[in-house]
Amino acid sequence: MKIWILHDSKYGNGKKLAEELGNTFPSNTEIKIGHINEISPEIIAQNLPDSLILGGAVRMFRGAPASKKWLKNLSNLLQISNKTISTGLIFLTHALATEKVQGYAKRFWKKMSRSPAILQTYPQWITARVNTSEGPFFEGEIDNALKIASEFHSWILVRNNHK
Ligand SMILES: Cc1cc2nc3c(=O)[nH]c(=O)nc-3n(C[C@H](O)[C@H](O)[C@H](O)COP(=O)(O)O)c2cc1C
């Protein structure tokens with residue numbers, strides 16, 4: 001199984017989270033990690049992973065605009081080539097209180113769940129709160145994220161068994 005984890009990290013927090021998430025998968029999983037500014041939708045459409053984990057950040061009261069745009073481009077490319085990615089998961093980093101960013105996360109999640117290119121989006125999203133804009137994460141945030149990632153992995157396995 002191949003998983004790409006993409007982030008839009010400015011100060012390294014989203015990158016760190018992406019790397020931690022990557023470590024939760026067993027060694028027979030091929031994990032690739034990159035920044036959306038460096039890994040184009042074309043590369044992902046070519047490389048075609050089984051799963052896409054896409055991260056973004058809340059900045060200027062907007063939820064992951066660059067990641068959403070990147071996803072839209074990927075969806076268009078995959079539709080043209082008539083290809084799909086089986087499963088997806090999103091994560092969002094933020095400085096505001098966790099309950100205040102659920103709307104941003106939900107809208108980001110909806111973008112992925114409505115994309116015809118991603119067959120199934122994991123019903124839960126990850127939010128991870130930083131202490132200041134530059135980080136670090138509050139205590140427990142990475143652990144929460146890893147728990148969801150591990151549940152995501154079990155969910156993928158169940159889906160694969162039913163194929
Ligand atoms: C210009 C700017 C605006 C920001 N605006 C918000 C905001 O409106 N709400 C919020 O929760 N966090 C805001 N943040 C904090 C970012 O969410 C935080 O820097 C980011 O999640 C950290 O992840 P990164 O190191 O991967 O970039 C802002 C950060 C910057 C740099």
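All figures in this text were calculated on a predicted structure; none of them were measured in a lab. All ligand and atom numbering here is 1-based and tracks the order in the structure. Note that these values count all heavy atoms, side chains included, but never hydrogens, waters or copies made by symmetry.
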### Summary
Ranked by distance from atom 19 (O) of ligand 1, the top protein heavy atom is Ser133 O, 2.6 Å
### Query
Which of the atoms in ligand 1, numbered in the order shown and given with their element, are less than 4.0 Å from a heavy-atom of Asn13?
22 (C), 23 (O), 24 (P), 25 (O), 26 (O)
### Protein heavy atom at shortest distance from atom 26 (O) of ligand 1
Ser9 OG, 2.5 Å
### Query
With sequence neighbours excluded, what pairs up with Leu77 under the side chain to side chain contact (heavy atoms under 4.5 Å, CB included) test?
Pro41, Glu42, Ala45
### Summary
Closest to atom 3 (C) of ligand 1 among protein heavy atoms sits Met60 N, 3.3 Å
### Task
Give yes if a backbone or side-chain nitrogen or oxygen of Lys10 is under 3.5 Å from a nitrogen or oxygen of ligand 1, and no if not.
yes
### Query
Is the shortest N/O to N/O distance between Tyr11 and ligand 1 below 3.5 Å?
yes
### Message
Is it the case that ligand 1 has an N or O less than 3.5 angstrom from some N or O of Val101?
### Response
no
#### Entry: Expected output: side-chain Trp4 to main-chain Asn47 donor-acceptor under 3.5 Å
no
### Message
Using side-chain hydrogen bond (donor to acceptor under 3.5 Å, both in side chains), reason through Ser51 and Thr87 one step at a time and then give a plain yes or no.
### Response
CA-CA 5 Å; Ser51 274; Thr87 52; 2.3 Å; yes
### Query
Are Tyr122 and Trp155 an aromatic pair by the rule of ring centers under 6.0 Å?
yes
### Partners meeting side chain to side chain contact (heavy atoms under 4.5 Å, CB included) with Ser9 (sequence neighbours left out)
His7, Lys15
### Query
Under 3.5 Å, is there a donor-acceptor pair between the side chain of Ser75 and the main chain of Leu71?
yes
### Task
Consider only side-chain heavy atoms of I, L, V, M, F, W and Y, link residues closer than 4.5 Å, and tell whether Ile39 and Ile53 are in one cluster.
no
### Message
Could you identify the single nearest non-hydrogen protein atom to atom 20 (C) of ligand 1 and state the distance to 0.1 Å?
### Response
Thr93 OG1, 3.7 Å
### Query
What's the shortest distance from atom 9 (N) of ligand 1 to any protein heavy atom, and which residue and atom give it?
Val58 CG1, 3.3 Å
### Query
Judged by non-hydrogen atoms, does Gly12 sit under 4.0 Å from ligand 1?
yes
### Task
Decide, yes or no, whether a salt bridge links Asp8 with Lys69 under the criterion of side-chain N to carboxylate O below 4.0 Å.
no
### Query
Among protein heavy atoms, which lies nearest atom 11 (O) of ligand 1, and at what distance?
Leu96 N, 2.8 Å
### Query
Quick one: nearest non-hydrogen protein atom to atom 8 (O) of ligand 1, plus distance?
Phe61 N, 2.7 Å
### Message
Keeping Ser115 on the side-chain end and Ala117 on the backbone end, is there a donor-acceptor pair under 3.5 Å?
### Response
yes
### Query
Got a donor-acceptor contact below 3.5 angstrom from the Thr24 side chain to the Glu20 backbone?
no
### Query
Going by the atom numbers of ligand 1, which of them fall below 4.0 Å from some non-hydrogen atom of Gly14?
24 (P), 26 (O)
### Message
Is there a polar contact between ligand 1 and Arg59, counting only N or O atoms under 3.5 Å apart?
### Response
yes
### Task
Return yes or no for this condition: an N or O of Asp8 is under 3.5 Å from an N or O of ligand 1.
no
### Task
Flag Ala95 as yes when one of its N or O atoms lies below 3.5 Å from any N or O atom of ligand 1, and as no otherwise.
yes
